[in-house]
Amino acid sequence: MGMRIVRESPYRVRIEREGDMRVPGVVFASRALLPDPVTDRSLLQVVNVATLPGIVVASFAMPDVHWGYGFPIGGVAATDVDAGGVVSPGGVGFDISCGVRLLAAGLERAELSGRVLQKLMDELGRAVPRGLGRRAVWPLAGRAQLERVLAGGSRYAVEQGYGTPRDLERCEDGGAVGGADAAAVSARAMERGLGQLGSLGSGNHFLEVQAVSEVHDEIAAKAFGLGPGQICVMIHSGSRGLGHQICTDHVRAMEKAMRRHSISVPDRQLACAPAGSPEGRAYLAAMAAAANYGRANRQLLTEAARRAFRGVCGTDLELVYDVSHNLAKIETHRVDGTARRLCVHRKGATLALPPRHPDLPEDLADVGQPVLIPGSMGTASYVLAGVAANPAFNSTCHGAGRLHSRHQAAKAVSGRELRDRLEGAGIAVRGASWRGLAEETPEAYKDVDAVVAAAEGAGLCRTVARLVPLGVVKG
DNA sequence: ATGTTC
């Protein structure tokens, strides 16, 4: 595979356009973080995405890029909707609207004794349904109520008493994506969604109690409601079986429709359809529904965490922000000096709105959007902020990025061993399965500090605060 | 990520 890679700056390389590529590839990575094009398939995936109909500017990869289904995880691709640009379910991923929310407690690290932390973790462990299966904080009454969740997201959850109107001001899209249509969601996806609302899931999903260890930008941190030593809760979860089923259903439908649209792709996992075609619109409507399910899910998990904090510590949790890192959005951007309507796919890439962006709440206009970066288990997490002149359609990294497969990880360490190591380091662990724990060993991930430094160095965002884990409830 | 294989 002879791709030509040119380093343009310490945190940016270009993959030269050749063959069927419509645009070049651009990878934001230091030398150390750049995947090996020979042993790692993720740069080949960046090249494959560059062939998609309607793609503009470049096929981008964030510093935490790794191999995924069709598109790389850590990929950003924008297509011109009014020029036949496509939408691809593989460009969003199976866990539609997977994302992160951060809550700030009215409590400092010094005020949380080891004994109280253990009690809090026990309570959170009880209150947070997790792992594979069908348990939920909110068992829905039936299909009609699920349809209201799919249309209203966190907004509907708050209307039903799960949270406060203030929460919605700190949610991307005000807590609900427009254009959701339950008619585009299969009966099977609906069935899977009925019993899982308010559950963490498995894999890299978690709920952590964290403390702010470093403040890099005092003004932005203050605007976000964060200070040194502050106790926080970070929730990383998505749209569970419902989002997964929607992805499966629409990949299948697009595979069938591609020939009719005269589209051919180098990898069948890149199945896609013009964003304006019936198949493209159906996917976008179902994707929006799954996005709203994912947001409502994190809203429900928030309420579970709030109950635990009130019960054990007598303190409340204020929402800092909720942002997705697996989503496609129709956005307007200037391309070659002209405003274009683009379908921006972010898969393992986080929206990072700059200061003054109209979608920001008023009180964050001066500092930009909070960007929440979950680290691997036992390592730091970050709060970043969006910056002006982002070169990748207002996107940045989404996490540490996997380095080794789940299988490799589980071979390297046992779950019990890992739990003991984390507990020994003062991190309380409430897991779901030993195998799941082992698969998430931090050795299987890139260095989140290096990923964030690269993202900042590449001009994708700026660092606001670093957080360290005190306790983890693991899916 | 995922009722971890339609």
Side-chain angles (χ1 to χ4, degrees), chain A residues 42 45 64-75 88-100 129-136 139-140 146 185-207 235-253 255-256 268-269 271 283 286-287 289-291 293-295 297-298 301 324-328 345-350 374 376-377 398-411 415 431-440 444-445 474-475:
Chain A
S42 57
Q45 294 189 314
D64 49 337
V65 63
H66 59 285
W67 180 86
Y69 179 90
F71 287 59
I73 296 163
S88 174
V92 171
F94 276 88
D95 194 1
I96 297 166
S97 204
C98 179
V100 182
R130 60 193 186 279
L132 290 170
R134 38 186 308 129
R135 291 161 297 171
L140 294 167
L146 178 54
V185 179
S186 68
R188 198 171 187 186
M190 295 291 280
E191 276 166 35
R192 291 179 70 172
L194 269 172
Q196 295 186 325
L197 190 60
S199 65
L200 201 56
S202 62
N204 63 0
H205 290 166
F206 66 72
L207 182 150
I235 298 170
H236 180 202
S237 186
S239 52
R240 308 289 281 105
L242 178 131
H244 191 277
Q245 189 64 47
I246 285 171
C247 181
T248 302
D249 293 339
H250 288 263
V251 163
R252 204 165 293 159
E255 277 176 347
K256 284 189 193 148
R268 64 179 296 189
Q269 295 185 350
Y283 171 68
M287 181 207 71
Y293 187 92
R295 282 110 189 269
N297 193 33
R298 290 193 289 273
L301 292 167
S324 162
H325 49 233
N326 280 7
L327 204 64
H345 301 73
R346 295 185 184 86
K347 178 189 190 177
T350 316
S376 55
M377 193 167 50
H398 88 302
R402 192 170 268 281
L403 203 55
H404 304 308
S405 70
R406 298 192 166 279
H407 185 69
Q408 281 174 297
K411 271 201 310 195
S433 79
W434 293 118
R435 166 85 194 190
L437 209 59
E439 287 178 351
E440 290 298 316
Y445 282 86
K474 193 65 185 163

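We use all heavy atoms of the structure for the numbers below, so side chains are in, but hydrogens, waters and symmetry mates are not. Just so it is clear: chains get the letters A, B, ... in the order the sequence lines come, proteins before strands, and each one is counted from 1.
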Would you kindly give the CD-to-C1' distance between A:E255 and B:dC6, to the nearest whole Å? 13 Å
How close or far is atom C1' of B:dC6 from atom CG of A:D249, stated in whole angstroms? 13 Å
Report yes if the side chains of A:L437 and A:K474 come closer than 4.5 Å at any heavy-atom pair, otherwise no. yes
Any side-chain heavy-atom pair from A:S97 and A:R298 closer than 4.5 angstrom? yes
Output yes when at least one side-chain N/O atom of A:S202 is less than 4.0 Å from OP1 or OP2 of B:dT4, else no. no
Would you please test A:H236 and A:H325 for ring-ring contact (aromatic ring centres under 6.0 Å, His included) and show each step? CA-CA 10 Å; A:H236 180 202; A:H325 49 233; 5.1 Å; yes
Value in whole Å for how far the C1' atom of B:dT2 lies from NE2 of A:H250: 17 Å
Measure NE2/A:H244 against P/B:dT4 and give the value in whole Å, please. 9 Å
Atom CZ of A:R435 with >12 non-hydrogen neighbours under 6.0 angstrom: yes
Round to the nearest Å and state the distance from A:H205 atom NE2 to B:dT4 atom C1'. 14 Å
Within this structure, what is the CD-to-C1' distance between A:E440 and B:dT2, rounded to whole angstrom? 14 Å
What's A:G203 touching, base or sugar-phosphate or nothing? Going by heavy atoms closer than 4.0 Å. sugar-phosphate
Specify the separation, in whole Å, of atom CZ of A:R252 and atom P of B:dT5. 15 Å
Using a cut-off of 4.0 Å on non-hydrogen atoms, how would the nucleic acid contact of A:G241 be classed: base, sugar-phosphate, or nothing? sugar-phosphate
If the cut-off is 4.0 Å, is A:R406 near the phosphate of B:dT4, judged by side-chain N/O to OP1 or OP2? no
Base, sugar-phosphate, or nothing for A:G201, non-hydrogen atoms under 4.0 angstrom? sugar-phosphate
Just the rounded figure in Å: distance from P of B:dT2 to CG of A:L132. 7 Å
